[in-house]
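One structure is given here, and the rest of the page talks about it.
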Amino acid sequence: MDTLNLAEFEAEPSPKGRASARAGTRDSTKSRLLGRALLVPVLVFFAILNVIPTFWMIGLGFYDYTLGRGDPKFVGLDNFVIIYESAEQWATFTRTLFFMVVAVAFEVGLGVVLGFLFWGSAKMPGRRLALTLLFTPMVVAPVASGLFWKLMYEPTFGVINYVVDLFGGQKIDFLTDVDWVTPAVLAVDIWMWTPFMILMTLAALGSVPTAELEAADVDRLSFYQRVRHVIWPHGKFILMLGILLRTIDAFKTTDLVLTMTGGGPGNKTEFLGVALYRQAFNSFDLGRSSAVALVLLIIAIALTSIYLYVLNLSRSR
Amino acid sequence: MKDINKTGTNETIAKGPRLSRRGVLTGGLGLGAAGLLASCGDDDSSSGGGDALKGSDETNMKGKSVAMGFAVIAGWPPSQLAIELFPDFATYAKEKFGYDVTVTKTEAPFAELYQKIAPSLASKAQDFNLMVVDSQWLGALSEPGWIVKADDVYKVNPDLDIEVYSSLVKNTYQVYPDGSGVRWGFPQMPDTQGIFMRLDMLEDPAEQAAFEAKYGKKLPTTYEEFAPMTMVEYEEIFEFFTRPDEEFYGTALQYAKEYDFFSCAYHPYAYATGDIWNPETGEVIGVLNTDEHAKALEYFVGLQKYQPPGAEAFGIGQMIDLFNNEQVFSAMQWLAVGLFMQGNEGALEGKVIACPHPRFTFADGSVDVIGAMGGQPWVINSYNDDDHMRVSIDFLKWWYTDETQAKFIAKGGLPWSKKGVEAAGFEESSVYARAFKEMLGEGKSRDFWHLPEYAELLAIQQEAYNGFAAGQYTDAKKVLDFIAVKQQELLLSKGRTKVAIPDDLKGITL
C-alpha cells in the first residue's frame, strides 16, 4: 500500500488566497477576542462572588479569628484538629449523614416510582395540572415551607394534630419531641424534594430513544429487562446527576431546619449546615466556622467524586 | 504556548502560560490571608469624638441636613418608640440647633440584630449611628472600640448623667467590665420578670369555692397576697388550673433554645441556689454543676407538667399567644410585655393581674425574690463622623428630657431613673408597673455575663438546657457538668480564666 504523502495536500496558497486567509485569521481573531471580552463580566462576577470568597474562606480556616476580638492569628491546622477531636462535631456529622441517606433514599425511591407512573400516563386527564401541583413544593422557598410545616405540626392548633385528634389519637409535639422531630423534618424534606427526583426521572426516561423502546416492545421484553437493558444505559447519567445534586443539597440542609426547629430540641436536628451557621453568625467565630465550611466543601467534592467514579466505572465496563 | 493533543478524540487546546493547580491554591490562600490581615489592620478611621461629644450648639450644625441610621429590635415596640417619636426630635433639632434630620431604621429580632450591627461596626462604618442593643453585648461592642464610652459623654454633658433608680440599672445597661464602674451604655428600656395571671378566674366564686374545697385554703386574688408567695406555693394554683381535657393549663414558662429564652427563665432558679459562674476567677466548674443546681434544673423543667404541650419551644411570643388565646391561667414573662398581655383585641383588659416573680427559699433558708434582668441600653457608634456624633448626643439629650420620657412611658416604655420610677402615680400607671418597680429594686434581679464571648457561652447552655427540657438528655447533673466544662474551656481559650479543666471532666459529652 502506498504511503499517503501529506505534503501533497499542503499546496502553496495563491497571493489572493493568502490575503483571504489573513482576512479570515483577522476575523477569527476578532471574533475570538469579542467572545472573550463578552466573557469578562461573567468571569469578574464569578471571581468576586465565588472564587475570591472561597479562597478567603480557605485562608480564614487557618486563623483564629472572631469578629471584634483583635487581629487574626495564624494557627495552622489547629482549627481542623479541634474539629477532628470534637465529639460534638462528629455527632453533628453523623446526624447529618443519617439525614442525608434517609432523605435521599426516600426521595429517589418515591421519585423514580412516581416518575415511571407519570411517564406511563401520557393520556391521563389533568396530567399537566397534576405535575404542576406536584412540583410546587420544590419551587417554594425552604424558609416558607419550613414556616408552613411548622404551623401544620403545631401541637395545639396545627392541622396535622387536628386530624390525629379527630381520629382519637393523642396529639404529638412533632417539633419538640425528641423521637418525632427527625422524622418530622425528614418528611418535609422528602415532600419538598421528591418532585425534583420525579423531574429527573422523567428527563432520564425522555432521553431513551423511542426506536429502542419500540424495539423492546417488539421483542416483548419484560419490565425489568426493559429497565436494565434499554432505559438504564440511557437514563442513568441524568438520574445519577439528580441523586448527586440531592445528596449534596441534603448534606448542607440549613434553611429548612433553622426555620422549623432551630436545630433543636437540644441538638437533635443540628445538622452541619445549622451548626456552621451558628458558629459563623451567632458566635462570629469566623476562623473555626471557615474550617468547618472547608471540611463540608471537601466532603461535597468527595461525594461528587464517588458518584462520578461509580458512573465511569460502569461505563468502562 | 500552543499545546495540541492529537492522540485522543478530545482535542485539548491550551494557550498562554499555564497555572498549576498548586500555584492557584497557594496564590489563593496567600490572597485570602493577605486580604484578611489587611482588612484587620489598625487603620483608625473614626472621626467623631472630642468636641462632638458635647453635641450641637447654636452655630456648628446650623443649616445642615443629617441622615441618621438607628438599629433597633424588631417586634419590640419600646425599642421602636425611638423611631415613632423621632419626628418630635426632628422638630426639636430644627428649632434648637437649626439642622434638618431624618432617620432610617434597621431592625432585627434579638438574636439577629447583633449579626447585623457587628459586621458593620467591624468595618468601621457608620450605618448605625445609634443602636438599641442587648445588655449582654456591652463587652463584645466595647472591647473592640466599636462604641463610645458613656463616661466620656457624661464628662462633657453632666446633665445626661441622670440618677438611676437602683444599681441594677447601672450594672446591667451601662458598666463593662462588671464591677469596673466604667460605663458604655445609656439606659433605653429596663425590664424585669414577673407573673401575669387571670384575675377574672381568680375572682370567680366557683373557682374560689373549688380551690378551697381542694386545698383547704383561699385562692389569693390580690397583689399583696401573691407577692410573698414562693414558687412551691404557686404550684398549687398552677395545678388547680391545669385542665388538659379543656386544653387549658396552669402556667407557661420559656424553655426555647432560641437566643436566651431558656436561660433567662431558668436563671432565677439558679441564682436562688448559687451562681452560674465565678466572675472573679472565671470558673464555671464547681459553681454551676453542683447537686443543688441539678435539683433546681430538674424542678424548673418539671414545671412543664402544668403547661401546654410543646413547652420546649416556648419563647416570648408563644407566651403572649398562649395567654391571649386564653390557653393558660398564667405566664411567667417579662413585665414590659404586659402591654400585650391583654387578650386578643383587648378581651382580657381589666382581667389581668401582674405580680413579681415568685419567691424562692435560698440556701441559707431565707425567702426572697430574685429574677433575671431584661431590657436594653443605647450605644453610640464610635465611628460616627462629627455631625452624626453631635446629632446622636442631641438625640440622647432630647430622649432623656422629662417630656420625651413621659411620652415614652405613656406609649408603653418603662422608666429607669429614680425620678421616673418614683414618680407619683407610676405604680398605678399600668397593671405591671408595681411589679416592675419591685423587681428593679436593689438585689431583686440580676443580669449575667457581659463578656464578648456571650453568644458562645449562651449557645452552649441553651442547646444543652433545651435538650434536657425536651428529654434528649435525662441526667441534670451531667447536663450541668457538660455546660460547665464547655464554658470553662471557652473562657480558658479566650484568657478569661486560668483554671484548667479537671481531668475527670475532660472530654465529657452528652
Side-chain angles (χ1 to χ4, degrees), chain A residues 51-72 74 82 85-88 90-91 150 153-158 161 170-179 181 261-268 270 275 278-287 290, chain B residues 24-25 27-37 39-42 111-112 114-115 118-119 121-122 140-141 143-144 146 247 255-259 308-313 322 325 327 452-453 455-456 458-459 462-473 486 493-494 507-510:
Chain A
V51 179
I52 295 173
T54 303
F55 281 114
W56 192 281
M57 179 205 78
I58 294 171
L60 261 176
F62 296 91
Y63 283 81
D64 175 11
Y65 180 47
T66 304
L67 199 65
R69 303 268 181 91
D71 291 344
F74 184 76
I82 292 169
E85 289 177 347
S86 163
E88 288 82 46
W90 281 105
K150 193 176 176 177
Y153 281 138
E154 218 284 329
T156 316
F157 57 80
N161 269 311
Q170 199 174 359
K171 288 189 173 180
I172 302 163
D173 304 344
F174 287 101
L175 299 182
T176 53
D177 187 310
V178 287
D179 297 324
V181 67
T261 67
N267 59 9
K268 203 71 187 166
E270 185 131 328
R278 284 190 186 287
Q279 206 150 38
F281 300 109
N282 284 359
S283 306
F284 281 108
D285 187 345
L286 301 181
S290 294
Chain B
V24 171
L25 284 171
L29 277 172
L31 179 75
L36 176 65
L37 286 169
S39 73
C40 302
D42 287 321
E112 285 79 28
Y114 184 77
Q115 293 173 19
L121 293 170
L141 298 173
E143 277 203 7
W146 291 345
E247 295 197 346
Y255 298 92
K257 182 183 176 181
E258 193 184 339
Y259 196 51
E312 301 87 346
L322 287 166
N325 292 337
Q327 290 172 277
E453 292 78 23
E456 288 141 293
L458 189 66
Q462 282 290 114
E463 189 170 297
Y465 281 147
N466 179 253
F468 182 67
Q472 186 184 5
Y473 317 121
K486 292 295 162 189
S493 71
K494 303 293 178 188
I508 185 172
T509 55
L510 279 176

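In this text, all values refer to a predicted model and were calculated from it rather than measured experimentally. First the proteins, then the strands, lettered A, B, ... as listed; each starts at 1.
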The reported gap from CD in B/Gln115 to OG in A/Ser283 (rounded to nearest 0.5 angstrom) is 9.5 Å
In Å, rounded to the nearest 0.5 Å, how long is the span from CG of B/Asn466 to CG of A/Asn267?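 Separation between the atoms: 9.5 Å.
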Subject >> B/Glu463 side chain vs A/Gly266 backbone, donor-acceptor pair below 3.5 Å >> reply: no
message = I'd like to know if the side chain of B/Glu312 and the backbone of A/Pro265 have a donor-acceptor N/O pair within less than 3.5 Å.
response =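 Not a single qualifying donor-acceptor pair exists.
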For B/Glu456 and A/Asn282, what are the C-alpha separation, side-chain angles and deciding distance, and is it a side chain to side chain donor-acceptor pair (under 3.5 Å)?
CA-CA 8 Å; B/Glu456 288 141 293; A/Asn282 284 359; over 6 Å; no
Between [X] and chain A, with a heavy-atom cut-off of 4.5 Å, which part of the residue counts as in contact: side chain, backbone, both or neither?
{"X": "B/Ala118", "value": "both"}
{"X": "B/Gln462", "value": "neither"}
{"X": "B/Tyr259", "value": "neither"}

Where on [X] is there a heavy atom nearer than 4.5 Å to chain B: the side chain, the backbone, both, or neither?
{"X": "A/Thr66", "value": "side chain"}
{"X": "A/Asp64", "value": "side chain"}
{"X": "A/Phe284", "value": "side chain"}

Which atom names give the shortest non-hydrogen contact between [X] and [Y], and what distance separates them?
{"X": "B/Ile508", "Y": "A/Glu88", "value": "O-OE2, 4.1 Å"}
{"X": "B/Glu247", "Y": "A/Lys171", "value": "OE2-NZ, 2.9 Å"}
{"X": "A/Thr176", "Y": "B/Ala470", "value": "O-CB, 3.7 Å"}
{"X": "B/Pro309", "Y": "A/Pro155", "value": "O-CG, 3.9 Å"}

Among B/Ala469, B/Gly471, B/Pro452, the residue with the most heavy-atom pairs under 4.5 Å to chain A is B/Pro452
Do A/Glu270 and B/Lys257 sit within salt-bridge range, that is, some charged N less than 4.0 Å from a carboxylate O?
yes
* Asked: Quick check: are there more than 12 heavy atoms from other residues, nucleotides or ligands sitting under 6.0 Å from CZ of A/Phe281?
  ->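 Incorrect, the count does not exceed 12.
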